[in-house]
Amino acid sequence: MKIVPAFGSKLRKNIVAVPEIIDECSGIRVFGQLLKSFLFSTDVAIIRNTNANAIIAVYPFTPQPTISNALILAADKPIFCGVGGGITTGNRSVELAVHADFQGALGVVLNKPAPNRSY
């Protein structure tokens, strides 16, 4: 096993840490970035204080560009934003996805049930 030097501080010792066994996983490469662990949260304090490789930010309300923008700005790692599904579908979901992409999201999440065709 390779020994990796580590540095920490009293201010950042209480984080939401992923299990160390994650290091043994192959992960998934998304646009050249190797992602092994994901945190499912919209809590900005948790997002800023985790060692997960990426964030999945999905919530049970109608998606809004202001919310995804705030989450993207807060995250210091790749983020996947929710853009609809269920009630929010069609062109609105497409526009939300484009906005999230322009703001810097690595990807988007479209929840089920969403129809296959756009309106």
Side-chain angles (χ1 to χ4, degrees):
M1 175 178 253
K2 187 160 88 172
I3 297 174
V4 179
F7 174 80
S9 75
K10 288 192 282 186
L11 298 175
R12 298 275 313 241
K13 72 176 182 175
N14 294 324
I15 66 169
V16 177
V18 298
E20 291 181 13
I21 194 73
I22 295 281
D23 293 335
E24 296 180 26
C25 298
S26 63
I28 181 172
R29 195 170 299 279
V30 180
F31 299 123
Q33 296 185 55
L34 180 61
L35 306 176
K36 292 186 175 189
S37 59
F38 294 82
L39 175 75
F40 185 82
S41 180
T42 56
D43 186 309
V44 174
I46 299 293
I47 289 171
R48 291 294 297 184
N49 290 284
T50 184
N51 66 342
N53 297 130
I55 308 298
I56 298 176
V58 178
Y59 48 92
F61 308 105
T62 300
Q64 298 174 27
T66 302
I67 296 172
S68 62
N69 188 31
L71 292 167
I72 292 165
L73 285 174
D76 56 350
K77 51 195 54 111
I79 187 164
F80 295 81
C81 294
V83 295
I87 295 172
T88 307
T89 61
N91 286 339
R92 179 167 172 84
S93 288
V94 171
E95 293 295 326
L96 289 164
V98 168
H99 183 271
D101 178 46
F102 287 164
Q103 293 299 314
L106 186 65
V108 297
V109 178
L110 180 64
N111 293 320
K112 194 175 179 182
N116 288 330
R117 69 175 231 178
S118 183
Y119 297 95

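Atom CG in Asn91 sits 11.0 Å away from atom CG in Leu96 (nearest 0.5 Å). To the nearest 0.5 Å, atom CG of residue Leu35 and atom SG of residue Cys25 are 12.5 Å apart.
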Exercise answer: donor-acceptor pairs, residues 49-66 side-chain atoms, under 3.5 Å, sequence neighbours excluded:
unit_1: Asn49; atom_1: ND2; unit_2: Ala45; atom_2: O; d: 2.8
unit_1: Thr50; atom_1: OG1; unit_2: Val16; atom_2: O; d: 2.7
unit_1: Thr50; atom_1: OG1; unit_2: Ala52; atom_2: N; d: 3.2
unit_1: Asn51; atom_1: OD1; unit_2: Val18; atom_2: N; d: 2.8
unit_1: Asn53; atom_1: OD1; unit_2: Lys36; atom_2: N; d: 2.9
unit_1: Asn53; atom_1: OD1; unit_2: Ser37; atom_2: N; d: 3.1
unit_1: Asn53; atom_1: OD1; unit_2: Ser37; atom_2: OG; d: 3.2
unit_1: Tyr59; atom_1: OH; unit_2: Gln64; atom_2: N; d: 3.2

Could you pull out all donor-acceptor pairs under 3.5 Å where a side-chain atom in residues 98-108 meets a protein atom, sequence neighbours excluded?
none

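Linking Ile, Leu, Val, Met, Phe, Trp and Tyr residues whenever their side-chain heavy atoms come within less than 4.5 Å leaves Ile22 and Phe80 in two separate clusters. Under a hydrophobic clustering in which Ile, Leu, Val, Met, Phe, Trp and Tyr are joined whenever their side-chain heavy atoms come within less than 4.5 Å, directly or via other members, Ile72 and Phe31 fall into different clusters. Under the 4.5 Å side-chain heavy-atom criterion for grouping Ile, Leu, Val, Met, Phe, Trp and Tyr, Ile79 is not connected to Phe40 through any hydrophobic cluster. In the hydrophobic cluster analysis, where Ile, Leu, Val, Met, Phe, Trp and Tyr join through side-chain heavy atoms closer than 4.5 angstrom, Ile67 is grouped together with Ile46.
Put simply, the side chain of Ile47 reaches to within 4.5 Å of the side chain of Leu71, judged on heavy atoms. Between Ile28 and Val30 there is a side-chain heavy-atom pair separated by less than 4.5 Å.
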Test Val109 against Val83 for side chain to side chain contact (heavy atoms under 4.5 Å, CB included), laying out the working first.
CA-CA 6 Å; Val109 178; Val83 295; over 6 Å; no

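Environment of CD1 in Ile87: sparse, with no more than 12 heavy atoms of neighbouring residues, nucleotides or ligands closer than 6.0 Å.
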